[in-house]
A.B. asks: 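I have a structure I would like to understand better, so I am pasting it below and will then ask my questions one at a time.
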Amino acid sequence: MPVLPEHFLQSLKDTPGFDLHSFLQAHEVPQQTPSIRINPAKQVDVSHFKSRADSVPWSSHGYYLSGRPSYTFDPLFHAGCYYVQEASSMFLEQALKQTVDLTQSIKVLDLCAAPGGKSTHIQSLISADSILVSNEVIKKRAGILKQNIIKWGGNNVIVTNNYPQHFARLQGFFDVIVVDAPCSGSGLFRKDTEAINEWSPENVQLCCGRQQRILADIIPSLSEGGILIYSTCSYSIEENEEIADWIAKEFDLQSLQIKTERGWDIVETVSEKEHCFGYRFYPDKVKGEGFFLSCFRKIKPEPEKKYKSSKPGLLSIKEKAVIKPWIKNVDVDFINHGNTVFAFPSSQIQLLTQVQSHLYLQYAGTTIGEIIRDKLIPDHAFALSTIIAQNVSSINLNFEQAIEYLQKKDVEIEVKLTGWQLVRYKDFNLGWINALGNRINNYYPKEMRILKQYNTGSFEK
Ligand code: SAM
């Protein structure tokens with residue numbers, strides 16, 4: 001059993017809902033219940049998960065698994081049919097559903113977004129004419145975020161790679177801002193024993209300072225009446241209730257209560273100074289890891305502001321005709337960016353150019369591909385997107401072939417047609433091949449390929 005720092009346990013002594021004995025017991029075994037969240041846009045049947053147990057009670061698409069399958073060797077994982085996510089974090093769904101009218105067209109910012117758990121969740125909850133700006137400050141992590149967003153397959157997302165202070169250029173812009181803040185990480189001690197050695201009171205203080213700086217930078221970008229959702233995976237009051245107090249006092253934000261059910265065993269707390277509501281997840285009480293969430297509404301009026309925007313380079317009629325047979329009849333515009341064409345929801349094009357004028361874009365909408373000599377060279381992102389037409393030429397692979405394809409090996413398959421074809425597993429798109437008559441080229445992206453070797457029996461097929 002990992003030894004938890006004495007200082008840490010002492011610091012939690014008076015924390016609401018903390019029970020030393022059962023907390024220590026929960027940390028005796030590094031066991032956590034694995035959980036996944038299904039992508040409603042891809043409509044995978046939950047019977048795919050043979051070890052599926054209960055639903056996560058606070059999330060409409062979350063499930064606990066009784067065993068731990070190898071996600072790496074599940075083609076549907078690579079097809080973006082589900083995301084492996086810790087159950088407590090899925091409580092974000094309640095915060096959103098209970099404070100925001102999700103049927104409306106809204107602008108959401110997920111400020112600390114990599115690797116993309118909350119962003120893919122938000123995408124599944126907002127309406128098709130809403131926009132999510134999914135931001136990650138660390139460039140390498142922004143790349144991973146982009147890959148996960150691509151797998152999820154939506155087109156109303158913009159991935160940015162900016163510091164929180166850069167958002168000052170978009171004052172009063174967002175209807176919802178989620179700050180899943182970098183923190184001391186005590187909530188993940190069972191999952192990541194390394195984090196135990198890294199914990200110190202000094203680090204908690206350091207995290208608090210950073211959390212305040214991030215919030216001070218970003219709150220001006222929230223619209224009047226907008227919702228701020230703040231969360232951490234720390235148990236420390238300093239990073240949770242005390243930050244909530246600070247938000248309410250410094251920025252005059254109104255704390256919001258979220259209804260929870262008795263059987264969920266989530267601990268509702270009320271902060272000492274400003275009486276803000278907070279929601280604590282303890283692993284001895286819930287089936288999930290340590291987590292904290294607090295929710296606020298901005299009441300202060302924001303001055304009307306005009307944001308810079310520009311005209312995007314739209315495709316010509318001739319170029320559109322090249323793409324048309326590949327795409328479902330959806331309301332998107334096609335934009336030329338260099339040689340690459342991407343699709344973005346028509347109703348939000350102006351918003352895209354506003355964001356583009358002020359931030360550093362990593363990705364937006366869905367990359368469709370390149371048009372070369374009146375032919376489309378399709379992009380991987382397009383294969384995984386939900387806007388690709390049903391009748392695009394495709395071939396279903398068996399399990400072994402699918403794994404070889406995902407390892408970017410030469411796959412032995414018989415194809416009747418030549419040219420670009422979608423590769424699928426159980427009817428879910430994995431990527432592209434190009435059949436040239438005498439050989440087949442595997443276009444699975446190198447940076448996403450499975451590096452591990454497959455041992456028979458390591459995944460429940
Ligand atoms: N929301 C993510 C999810 O659900 O998958 C997890 C986010 S993780 C708790 C916190 C993120 O904040 C990390 O990706 C980290 O790179 C980023 N971060 C670190 N320092 C930051 C800073 N000063 N400003 C903004 N983000 C920061």
Side-chain angles (χ1 to χ4, degrees), residues 35-37 39 56 58-59 61-62 71 80 82-96 108-125 132-152 157 159-168 170 174 176-189 191-192 194-195 198-199 203-221 228-236 239-240 243 281 288-294 359-360 362:
S35 47
I36 53 158
R37 190 170 35 72
N39 185 349
V56 176
W58 43 84
S59 166
H61 300 289
Y71 305 114
Y82 62 96
Y83 191 95
V84 181
Q85 189 181 27
E86 205 288 297
S88 305
S89 300
M90 298 182 201
F91 187 65
L92 172 68
E93 181 168 331
Q94 291 300 322
L96 281 169
V108 184
L109 167 65
D110 184 8
L111 182 70
C112 311
K118 307 235 172 16
S119 275
T120 53
H121 198 176
I122 294 165
Q123 252 189 288
S124 301
L125 296 169
L132 168 67
V133 174
S134 183
N135 178 71
E136 169 57 42
V137 68
I138 298 173
K139 195 163 180 148
K140 199 165 166 214
R141 287 176 63 81
I144 297 165
L145 172 66
K146 174 182 157 183
Q147 284 183 3
N148 284 328
I149 293 290
I150 285 175
K151 276 206 242 171
W152 212 243
V157 186
V159 178
T160 57
N161 174 215
N162 282 87
Y163 284 97
Q165 63 263 35
H166 294 162
F167 286 83
L170 290 169
F174 294 101
V176 179
I177 297 182
V178 176
V179 177
D180 188 29
C183 68
S184 62
S186 46
L188 300 181
F189 278 173
K191 235 176 151 172
D192 174 15
E194 271 296 295
E198 281 162 24
W199 192 92
N203 193 31
V204 170
Q205 286 314 316
L206 217 89
C207 289
C208 289
R210 184 165 46 193
Q211 287 148 1
Q212 290 182 344
R213 284 194 298 279
I214 292 173
L215 288 160
D217 282 338
I218 207 64
I219 289 174
S221 305
L228 171 73
I229 299 175
Y230 172 76
S231 62
T232 73
C233 57
S234 160
Y235 298 109
S236 299
E239 294 179 80
N240 297 332
I243 291 284
F281 293 69
E289 299 311 298
F291 184 63
F292 173 86
L293 184 144
S294 200
L359 299 172
Y360 179 60
Q362 281 274 317

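For reference, positions follow the sequence shown, starting with 1. Indexing begins at 1, ligand by ligand and atom by atom, following the structure's order.
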A.B. asks: For ligand 1, would you mind listing the residues that have at least one heavy atom less than 4.0 Å away, ordered by chain and number?
C.D. replies: C112, A113, A114, P115, G116, G117, K118, E136, V137, I138, R141, P164, D180, A181, P182, R210, I214

A.B. asks: Under 3.5 Å, side chain of S186 to main-chain N/O of S234, donor-acceptor pair present?
C.D. replies: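 A pair under 3.5 Å: no.
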
A.B. asks: Does the pair K118/D110 count as a salt bridge with the N-to-O cut at 4.0 Å?
C.D. replies: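 Result for this pair is no, no salt bridge flagged.
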
A.B. asks: Consider only side-chain N and O atoms of R37 and T120, and report whether a donor and an acceptor are under 3.5 Å apart.
C.D. replies: yes

A.B. asks: For side chain to side chain contact (heavy atoms under 4.5 Å, CB included), just list the numbers for L145 and R141, CA-CA rounded to whole Å, side-chain angles, deciding distance to a tenth of an Å, and then say yes or no.
C.D. replies: CA-CA 6 Å; L145 172 66; R141 287 176 63 81; over 6 Å; no

A.B. asks: Could you label the plane-to-plane angle of the F174 and F167 rings as parallel, tilted or perpendicular, counting under 30° as parallel and over 60° as perpendicular?
C.D. replies: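 Rings of F174 and F167: tilted, 30 to 60°.
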
A.B. asks: Is there a side chain to side chain contact (heavy atoms under 4.5 Å, CB included) between Q362 and K139 once you walk through the steps?
C.D. replies: CA-CA 9 Å; Q362 281 274 317; K139 195 163 180 148; 4.2 Å; yes

